[in-house]
Amino acid sequence: MNSQIPKRWQEILALRPSFPGTNEAFCKHHQVSISAFYKYKSLQQAQSVEAPSQFVRVEQQSQRTQVSIVERPTINFNVRTGQLALPTTLCPSVVVSIIKGLSV
């Protein structure tokens with residue numbers, strides 16, 4: 001089936017995975033047109049789809065994760081519109097700023 005793809009293009013396409021740049025840079029480096037590159041790459045992919053598939057054994061591993069939700073103590077404020085609960089780990093200056101903002 002590789003008879004549709006010239007040997008030169010088979011060699012060029014084989015080099016592509018090891019080239020770090022873009023397809024455009026690859027084509028420029030190998031002095032080939034980008035349109036021809038895509039043409040032969042497309043033919044190569046079509047041939048690989050037609051080829052008999054090889055099976056690869058895949059093993060699935062699962063991992064159990066346990067999540068514990070720990071309730072942390074809060075500072076509760078009754079405000080005009082409801083209740084405000086702030087964590088006790090919050091910096092005191094931030095708590096003061098929030099209270100000042102609510103009183104405006």
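Because only heavy atoms are used, hydrogens play no part in the values below, and waters and symmetry mates are left out as well, while side chains stay in. This structure is a prediction, so every number in the text was calculated from the model and none was measured.
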From [X] [atom1] over to [Y] [atom2], what is the distance, rounded to the nearest 0.5 angstrom?
X: Ile5; Y: Gln47; atom1: CD1; atom2: CD; value: 4.0 Å
X: Gln10; Y: Gln4; atom1: CD; atom2: CD; value: 11.0 Å
X: Lys41; Y: Leu43; atom1: NZ; atom2: CG; value: 12.0 Å

Smallest separation among heavy atoms of Pro17 and Ala14, with atom names
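For Pro17 and Ala14, the tightest heavy-atom pair comes out as CD-O, 3.4 Å.
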Which pair of heavy atoms, one from Trp9 and one from Ser33, lies closest together, and at what distance?
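Distance-wise, the nearest heavy atoms are CH2-O, 4.2 Å.
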Starting from the C-alpha separation in whole Å, work towards a yes-or-no answer on side chain to side chain contact (heavy atoms under 4.5 Å, CB included) for Phe37 and Arg16.
CA-CA 10 Å; Phe37 170 79; Arg16 179 59 186 109; 4.1 Å; yes
For Gln83, which residues count as a side chain to side chain contact (heavy atoms under 4.5 Å, CB included) partner, sequence neighbours excluded?
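Gln83 satisfies side chain to side chain contact (heavy atoms under 4.5 Å, CB included) with Asn76, Asn78 only.
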Only counting residues at least two apart or in another chain, list the ones meeting side chain to side chain contact (heavy atoms under 4.5 Å, CB included) with Leu84.
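Per chain and number, Leu84 pairs via side chain to side chain contact (heavy atoms under 4.5 Å, CB included) with Phe77, Leu86, Ile98, Leu102.
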Distance-only, no hydrogens or angles: does the Ser42 side chain make a donor-acceptor pair with backbone N or O of Tyr38 under 3.5 Å?
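Between the backbone of Tyr38 and the side chain of Ser42 there is no qualifying donor-acceptor contact (under 3.5 Å).
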Note, Ile12 side chain near Phe26 side chain (heavy atom, < 4.5 Å)
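Counting from C-beta outward, Ile12 and Phe26 do come under 4.5 Å.
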